[in-house]
Asks: 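Quick one: structure below, then a few questions.
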Protein chains: 2
Amino acid sequence: MTYTRSEENCLKAIFTITEQGEHGGSTTAIAAQLRTKASSVTEMVKRLSEKGLVDHKPYHGVLLTEPGNRIATRVIRRHRLWETFLVNHLNFRWDEVHDLAEQLEHIDSDELHDRLDKFMDHPKFDPHGDPIPDKDGRMIDMAGALPLAEVPKDTLVHIVGVKDSSPAFLKLLDGLGLKLGTQLTVNRRFEYDNSVEVSSRFRNGLLLNEQVSRNLTVKPL
Amino acid sequence: MTYTRSEENCLKAIFTITEQGEHGGSTTAIAAQLRTKASSVTEMVKRLSEKGLVDHKPYHGVLLTEPGNRIATRVIRRHRLWETFLVNHLNFRWDEVHDLAEQLEHIDSDELHDRLDKFMDHPKFDPHGDPIPDKDGRMIDMAGALPLAEVPKDTLVHIVGVKDSSPAFLKLLDGLGLKLGTQLTVNRRFEYDNSVEVSSRFRNGLLLNEQVSRNLTVKPL
DNA sequence: GATATAATTTAGCTATACCTAAATATGGGT
DNA sequence: ACCCATATTTAGGTATAGCTAAATTATATC
Ligand SMILES: [Mn+2]
Ligand SMILES: [Mn+2]
Ligand SMILES: [Mn+2]
Ligand SMILES: [Mn+2]
């Protein structure tokens, strides 16, 4: 079986939405994720449903079936493998690779991606800290990781991921000297705007707004 | 400007056909190359013509304009770079890479392909002996190369390319121990069926039929 | 110069994948 | 139990990219 780019993107969107807690992706949420319109999603979901890749209870959301989940996971695997390749071997920056991976993830070949995986020695994480599924769809689970926004004061943590892979966000982090592995402690939180003040080995009293602290994933050490 | 997969494939087909001597690709020849129908080509050519990528004189063939030629060359560059990467770095065999490259060649990014080129240290030939255009479209010209079928008796030559990249043909060559660089001499030619008998360092009296000798490109030493 | 053959184009149809605007259904709150 | 804001679907349209079958056109041969 081979699926179209749009089908794969739709399955991936549903995966991402349902993974983030939602109990079934709404037509609207999927449309937002795909930057398309709800009516287009209705049609796409109908087709995916006929192919047995999703379960759709109108007004109650779309869920991936087991085959649908397998395909979505495979697309995510490919995306993350390519991002890793582009950064580690072609010397792209972490803020440059997402859009390229959006194209490359649709190349139709398990063999290619398994060889790419092997070539890189089976990397476990992509440049943004996201776990890379192995060929059976298994990946390291991120238990213990949480948004910086939810870290208690005076806890030593290190950055393990970013929720937002947009160039703008990643460039901001670069500009602040924050990257995967950077160790941080929350010194103060301001109720006024939910901003947090953090310190690292290199920098003291760095003020991060709520948007930033929500999009930084960290893990206590 | 960004072009669709079908547009790129059509331009590439016209390039290949006109390169092989034809004075303008006929609708039928293009259709055969693309494994599509003449009527589909008519429509495609109309669109390419409106975009200024081809000149079409009905019943006298389609020719690439300078912009059309640039795009076709770029697609060929990408195809050959990917084939080289797949063979040299992911350990694919030379008979496995063509179809994958047909997909990868449409990834829309000069930056990616220039970096891939650099990563491989600017290879000059792909795994089938075809010259790889550089980022300005220039490539080594194959003057002096000719089909084995046209080599005079007792001339020492070596294999520099294959005209046919199909898995079937390449597997046949593998099976006969013939590969790029192999040195050959034509011992005898048989008028009956245009077959030739060749010798290499490893093998004496190997009989090759016309189809094979036409698809093997060699160069005198 | 007429004509037949083969190449080419046109007409009309299908499928995917988008869109906007209009219609409709639902579930939470009253 | 009802209503309505909102989510969702339907209707109808566009563009790309195929297809088959029918019509048309040019060229090469007689
Ligand atoms: Mn990404
Ligand atoms: Mn990523
Ligand atoms: Mn090839
Ligand atoms: Mn090749």
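Throughout, protein chains are lettered first and strands after them, A, B, ... in sequence-line order, and every chain is numbered starting at 1.
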Asks: Let me know the distance between CZ of A/Arg5 and C1' of D/dT16, rounded to the nearest Å.
Replies: 14 Å
Asks: In terms of the nearest nucleotide of DNA chain C, which residue is placed more toward the 5' end: A/Ser40 or B/Ser26?
Replies: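 Here B/Ser26 is the residue nearer the 5' end.
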Asks: Take atom OH of B/Tyr3 and atom C1' of D/dA17, then tell me their distance rounded to the nearest Å.
Replies: 18 Å
Asks: Without decimals, in angstroms, what is the distance between A/Glu50 CD and C/dT16 C1'?
Replies: 13 Å
Asks: Under 4.0 Å between a side-chain N or O of B/Lys37 and OP1 or OP2 of D/dT20?
Replies: yes
Asks: Quick one: is A/Thr28 getting a side-chain N or O under 4.0 Å of the D/dT8 phosphate, OP1 or OP2?
Replies: yes
Asks: Does some side-chain heavy atom of B/Leu216 sit less than 4.5 Å from a side-chain heavy atom of B/Leu178?
Replies: yes
Asks: To the nearest angstrom, how far is B/Leu11 atom CG from D/dA17 atom C1'?
Replies: 15 Å
Asks: For B/Ser39, which contact category applies under a 4.0 Å heavy-atom criterion: base, sugar-phosphate, or nothing?
Replies: base
Asks: Can you tell me if A/His56 touches the phosphate of D/dA7, counting only side-chain N or O atoms and a distance under 4.0 Å to OP1 or OP2?
Replies: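 Checking A/His56 against D/dA7: no side-chain N or O falls below 4.0 Å of OP1 or OP2.
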Asks: When the distance from CZ of B/Arg47 to C1' of D/dG18 is rounded to whole Å, what number comes out?
Replies: 10 Å
Asks: In whole angstrom, what separates A/Lys57's NZ from D/dT9's P?
Replies: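 So the two atoms are 13 Å apart, to the nearest Å.
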Asks: I want to check something: taking the side chain as every heavy atom from C-beta on, are A/Leu86 and A/Leu104 in contact at a cut-off of under 4.5 Å?
Replies: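 Yes, their side chains come closer than 4.5 Å.
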Asks: For A/Asp110, run the side-chain hydrogen bond (donor to acceptor under 3.5 Å, both in side chains) check against A/Arg78, A/Arg77, A/Arg115 and tell me which one passes.
Replies: A/Arg78
Asks: Looking at A/His60, does any N or O in its side chain come under 4.0 Å of the phosphate oxygens OP1/OP2 on C/dT26?
Replies: no
Asks: Return the 5'-most residue of the pair B/Ala38, B/Glu43 with respect to DNA chain C, ranking by each residue's nearest nucleotide.
Replies: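 Result of the comparison: B/Ala38.
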Asks: Does a side-chain N or O of A/Ser6 approach OP1 or OP2 of C/dA17 to a distance below 4.0 Å, or not?
Replies: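 Yes.
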Asks: Less than 4.5 Å apart, side chain to side chain, heavy atoms only: is that true for A/Asp95 and A/Asp174?
Replies: yes
Asks: Would you kindly give the CD-to-C1' distance between A/Glu8 and C/dT16, to the nearest whole Å?
Replies: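 Value for this atom pair: 15 Å.
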Asks: Quick one: label A/Thr42 by what it contacts on the DNA or RNA (base, sugar-phosphate, nothing), any heavy atom closer than 4.0 Å.
Replies: base
Asks: For B/Lys51 and A/Pro58, take the nucleotide of DNA chain D holding the closest heavy atom to each; which residue's nucleotide lies nearer the 5' end?
Replies: A/Pro58
Asks: For B/Tyr59 and C/dA7, give me the distance from atom OH to atom C1', rounded to whole Å.
Replies: 6 Å
Asks: Do you see a donor-acceptor pair shorter than 3.5 Å between the side chains of B/His79 and B/His98?
Replies: yes
